[in-house]
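The first residue in the sequence is number 1, and the count goes up from there.
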Amino acid sequence: MAQYINMKQVPSGTVTAKDDRIVYDANLADCGIIYGCQISYIGNNMIHINAGYGIIKGGLFEIEDHTEYVEYATSGNVTGQIYLHLDLSADDKLTIVKETTNSLHPLVQNANANFENGVYEFQLCTFTATTTTLEDVTQTFPT
């Protein structure tokens, strides 16, 4: 007789990171920062991100204390954002992305990312880049 159901938590069983994400995602419902990660503009073209922890599609992540260097506008003013990009089709890769452009791309928030090996993104901050400075640096991440 064919077996169509598998218990995950059994002796010698394997509960994968994907299994954990699915359980936590179903019970937490939201993605965001749970501790730390304060954003601050520290001058020139540098935005500082404090250490912290967050949840994205049920997966716990840690951000280390660091500075992101952002390009100035080549002319005029342009908008920018820093966001987290989770790509479950690429070995569960989570990256920080900086974008400075005339038109920010809309964030991808695939509700079924865990089941479809998809992408999920959330924004950490927005800013305006001029030719000499960054202005209006605003922390936007969900908590």
Please give me the minimum heavy-atom distance between [X] and [Y], naming the atom from each residue.
{"X": "N77", "Y": "N102", "answer": "O-OD1, 4.3 Å"}
{"X": "C37", "Y": "F141", "answer": "O-CE2, 3.1 Å"}
{"X": "D65", "Y": "N50", "answer": "OD1-CA, 3.4 Å"}
{"X": "Q81", "Y": "F127", "answer": "N-CE2, 3.5 Å"}
{"X": "I49", "Y": "I63", "answer": "CG2-CG2, 4.0 Å"}
{"X": "V15", "Y": "K8", "answer": "CG2-O, 3.5 Å"}

- prompt: Just wondering, more than 12 heavy atoms not from E64 lying within 6.0 Å of its CD?
  reply: no
message: Would you say that more than 12 heavy atoms from the other residues, nucleotides or ligands in this model lie under 6.0 Å from the CD of E71, or not?
response: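 Counting other residues, nucleotides and ligands, CD of E71 stays at 12 neighbours or fewer.
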Taking atom [atom1] of [X] and atom [atom2] of [Y], what is their separation to the nearest 0.5 Å?
{"X": "I22", "Y": "F115", "atom1": "CD1", "atom2": "CZ", "answer": "4.0 Å"}
{"X": "F61", "Y": "I33", "atom1": "CZ", "atom2": "CD1", "answer": "4.0 Å"}
{"X": "T133", "Y": "Y41", "atom1": "OG1", "atom2": "OH", "answer": "3.0 Å"}
{"X": "I55", "Y": "I34", "atom1": "CD1", "atom2": "CD1", "answer": "4.5 Å"}
{"X": "D92", "Y": "K18", "atom1": "CG", "atom2": "NZ", "answer": "9.0 Å"}
{"X": "S40", "Y": "Q139", "atom1": "OG", "atom2": "CD", "answer": "9.0 Å"}

- request: Go through the steps for Y83 and T126 under the test side-chain contact (heavy atoms from CB on, under 4.5 Å), then give the verdict.
  value: CA-CA 9 Å; Y83 62 93; T126 59; over 6 Å; no
Return yes if some donor-acceptor pair links the side-chain N/O of [X] with the main-chain N/O of [Y] below 3.5 Å, else return no.
{"X": "N45", "Y": "Y69", "answer": "no"}
{"X": "Y72", "Y": "S75", "answer": "no"}
{"X": "T101", "Y": "L104", "answer": "no"}
{"X": "H48", "Y": "H66", "answer": "yes"}

message: I'd like to know if D25 pairs up with K57 as an ion pair, taking the criterion as any Lys NZ or Arg NE/NH1/NH2 lying under 4.0 Å from an Asp or Glu carboxylate oxygen.
response: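 Salt bridge: yes.
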query: Given the rule in the side-chain contact (heavy atoms from CB on, under 4.5 Å) test, do R21 and L88 qualify, once you have shown the distances and angles that lead to the verdict?
result: CA-CA 11 Å; R21 280 194 318 271; L88 296 174; 3.6 Å; yes
Do you reckon [X] sits in the same ILVMFWY cluster as [Y], going by side-chain contacts under 4.5 Å, direct or chained?
{"X": "I96", "Y": "F122", "answer": "yes"}
{"X": "Y120", "Y": "L94", "answer": "yes"}
{"X": "L60", "Y": "Y35", "answer": "yes"}
{"X": "I42", "Y": "I82", "answer": "no"}
{"X": "V137", "Y": "M46", "answer": "no"}

query: How about D19 and T14: do any of their side-chain heavy atoms sit closer than 4.5 Å?
result: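 Of all side-chain heavy-atom pairs linking T14 with D19, none is under 4.5 Å.
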field: side chain to side chain contact (heavy atoms under 4.5 Å, CB included), paired with E121, selected from L84, I56, T95, L107
entry: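 The side chain to side chain contact (heavy atoms under 4.5 Å, CB included) with E121 is passed solely by L107 among L84, I56, T95, L107.
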